[in-house]
Amino acid sequence: MEEQGVGWIAAIVIGGVAGWLAEKFMKSDMGILMNIILGIVGAIVANAILGVFGIALGGWLGYLIAGFIGAVILIWVGRLIKR
């Protein structure tokens, strides 16, 4: 996160927004803490996946996009496991 210019407090805020957006997009019902966790972990997952393809997202907007993509992936995988 630091190499992208996003600090810990910003990561929590942006992760919360990304998780909330993913929650609304996927029509799931999670709490605010889970939204933050999904957004932060989702950003890590999405950056790893995008890194394989040579795509790097940086800064606040990149972290938000990566967090959203990753959180959607995590919600989708969670639903697959529940079935």
Side-chain angles (χ1 to χ4, degrees):
M1 282 177 270
E2 289 298 327
E3 69 266 0
Q4 297 176 354
V6 178
W8 286 104
I9 294 174
I12 292 170
V13 171
I14 296 169
V17 171
W20 178 78
L21 288 171
E23 176 187 59
K24 296 302 176 192
F25 181 75
M26 296 294 288
K27 293 177 178 59
S28 82
D29 187 23
M30 314 226 172
I32 189 166
L33 180 63
M34 195 61 172
N35 286 344
I36 293 169
I37 293 169
L38 277 174
I40 293 172
V41 174
I44 294 167
V45 168
N47 279 326
I49 292 170
L50 293 174
V52 170
F53 297 105
I55 301 170
L57 300 175
W60 291 60
L61 184 59
Y63 192 80
L64 179 65
I65 292 168
F68 173 76
I69 292 169
V72 167
I73 291 170
L74 291 174
I75 292 171
W76 178 71
V77 168
R79 287 181 180 172
L80 285 178
I81 292 172
K82 281 186 179 179
R83 291 182 188 178

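Just so you know, these numbers come straight off a predicted model, no measurement behind them.
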### Query
In terms of heavy-atom contacts, does CG of Leu80 have more than 12 from other residues, nucleotides or ligands at under 6.0 Å?
yes

### Message
Do Glu23 and Leu38 make a side-chain contact, defined as non-hydrogen atoms from C-beta onward lying under 4.5 Å apart?
### Response
no

### Message
Test of understanding: clusters of I, L, V, M, F, W, Y form through side-chain heavy atoms closer than 4.5 Å, transitively. Do Ile9 and Val17 belong to the same one?
### Response
no

### Query
Are Ile65 and Ile55 grouped together when hydrophobic residues (ILVMFWY) are joined by side-chain heavy atoms under 4.5 angstrom apart?
yes

### Query
Would you say Ile49 has more than 12 foreign heavy atoms packed within less than 6.0 Å of its CD1?
yes

### Cluster check Val13, Leu61: I/L/V/M/F/W/Y, side chain < 4.5 angstrom
no

### Message
Suppose we screen for side chain to side chain contact (heavy atoms under 4.5 Å, CB included). Which residues come up paired with Ala22, at least two apart in sequence or across chains?
### Response
Phe68, Ala71, Val72, Ile75

### Message
With rounding to the nearest 0.5 angstrom, report the CD1 to CE distance, Ile36 to Met30.
### Response
13.5 Å

## Note on the structure
Interatomic distance, CD1@Ile37 vs CD1@Ile12, rounded to 0.5 Å, equals 10.5 Å

### Query
Between Asn47 and Ala66, which heavy-atom pair has the shortest distance, and what is it?
OD1-CB, 3.7 Å

#### Entry: Given Ile14, Ile69, Leu57, the one that forms side-chain contact (heavy atoms from CB on, under 4.5 Å) with Leu64
Ile14

